[in-house]
Amino acid sequence: MAAWTQVAMSHSICFWSIVMKLNLMILLLFITSFSSCLNDRVSEFALTKTEDSDLKEENRKELVEEEEEELDSEDLDVFYPTNQWQRVQPGQAVPAGLHVQLNLQTGEKLAKLPEDSHGKGDMKDPSKSKRLGPIDVDPGSFTTQELKKALAKMKKSTKTEDPSKEKAHQDDVRRRFRAIETLKEEFRELRLQMETDAEIMFKLINKFNSSASTLEEKIRALYDLEYYVHQVDNAKDLLFFGGLQLLINGLNSTEPLMKEYVSFVLGAAMSSNPRVQVAAIEGGALQKLLVILATDQSLAVKKKALFALSSMLRHFPYAQQQFLKLGGLQVLRDLCTEKGTENLHVRIVTLLYDLIVEKMLHKESHDDSDQVRERVQQYSHVALVPAIVEQGWCAIIPNLLRMPGHDSREKVLKMVHVLLDYCRESYAQDHSLNHMLGLLRQEYEELAAEEQKEGDGDGYFKELLSSINSIAQELK
Ligand SMILES: *[C@@H]1O[C@H](CO)[C@@H](O)[C@H](O)[C@H]1NC(C)=O
Ligand SMILES: *[C@@H]1O[C@H](CO)[C@@H](O)[C@H](O)[C@H]1NC(C)=O
């Protein structure tokens, strides 16, 4: 595991540095040169950077759409050189390696292909020389958006072009860029590593699935798998070889360790990964996780199941709606009033707090795009706060202030605060809440004073104190 970790990490650093080094021309050349496998991987990687952050906010419907649909076929504004002098329009990207003339008086720029690049004269045909245009463009001027477009265009053109022409063209480009051989070597290594991640995962899944594996071997496989699925692309690979459903089925196992580690892997795979979240809820993971949380299981199992549940619910209003429908909130409430599960209480409160705030933030969003409006629409079906009030959480949450840790109290205070408008009546009649706030105020006044003495005027304790005071003030 440790060795793999290091290898994978150094490779991914290597990958990015190579990507940085590579200019677009070479990247595109390789896409055409290598197998379709690499082709897909490279374009996927090249698109990952912007895509990941977008994905988190995408709604469910859009998630199912293929990446390619995101790409549009609009051409780049690129200067297509021929062996005649042509005027370069303002704003056009000029391919590298051209002869360029600049008229200093008018600022007009003319460009054409250099004479010696024509090989055996086959470049006389302007329709052929045209094809060099999008390949050789100076990478310095590219944005991610343009890169996407160029890749989309590239995919299209490789589909339609005659392979022998393509080969001749590549040879031509290769002659002009010597350094390519070195880069190719680096790329081969990279490709090896790319296959390795998926391969390792495939082996781990097989180990886990094999009836010949011992329980210990299966747990070991899950433990290792958890490391890989943190990466968004790896987690998506789980969907391809049926690994995800296998994991979900593993939640049914009678072995507590199995349930624990399967939850662990699922939680990691779903975390900030909408595609996996969608597939997991379709695979029945939500029900199974709730069953684990509602039945007699060890704390370790429940802890991991709660982790997986949180990963499934966050930023996924559809799952939140199903969670309420399936009685998930009651399951969590029972956990929160159960003795011996205190470790889980603060996690549950944090989850519910985050879900409430998540919805509020969407409501307040002034962004009027269709996407945001649709999200608001989806969240409107998640009646979380009313369910919380109805199920008596207004009385449960203040009790959790008895927890000793500052961090836990901070989380509970936040929750008490966010529910103020909805639980006001219950809070006001809750004498133990009143008493508790009094005790906490005393404690944090002292701590805040010490903090100030040590020179930290705006410290943590002062903040907790002001939170307590503001709640008490509101309840007067
Ligand atoms: C798991 O094993 C079963 C039977 O051994 C097989 O049919 C199935 O395809 C395997 N699943 C995966 C995802 O490898
Ligand atoms: C898993 O358990 C659920 C009930 O919790 C049951 O409906 C389902 O059939 C079980 N699946 C497997 C594969 O054992």
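Atoms within each ligand, like the ligands themselves, are counted from 1 in listed order. Just so it is clear, the structure is predicted and the values come from calculations on it, not from any experiment.
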Atom 2 (O) of ligand 1 within contact range, any protein heavy atom under 4.0 Å | yes
Short question: side chain of Q297, backbone of P256 - any donor-acceptor pair under 3.5 Å?
-> no
Looking only at side chains, do Q277 and Y318 share a donor and an acceptor under 3.5 Å apart?
-> no
Are more than 12 heavy atoms from other residues, nucleotides or ligands located less than 6.0 Å from atom OH of Y422?
-> no
Do you see a protein non-hydrogen atom under 4.0 Å from atom 7 (O) of ligand 1?
-> no
Which protein heavy atom lies closest to atom 9 (O) of ligand 1, and at what distance to 0.1 Å?
-> N209 ND2, 4.7 Å
Is the shortest distance from atom 14 (O) of ligand 1 to a protein heavy atom below 4.0 Å?
-> yes
Counting each atom of ligand 1 from 1 as listed, which ones have a heavy atom of F241 under 4.0 Å away?
-> 13 (C)
Taking only non-hydrogen atoms of N206 and a 4.0 Å limit, the atoms of ligand 1 in range are 14 (O)
Do N249 and Q245 get their side chains close enough for a donor-acceptor pair, meaning under 3.5 Å?
-> yes
Y460 and H406 aromatic ring geometry - parallel, tilted or perpendicular at 30°/60° bounds = perpendicular
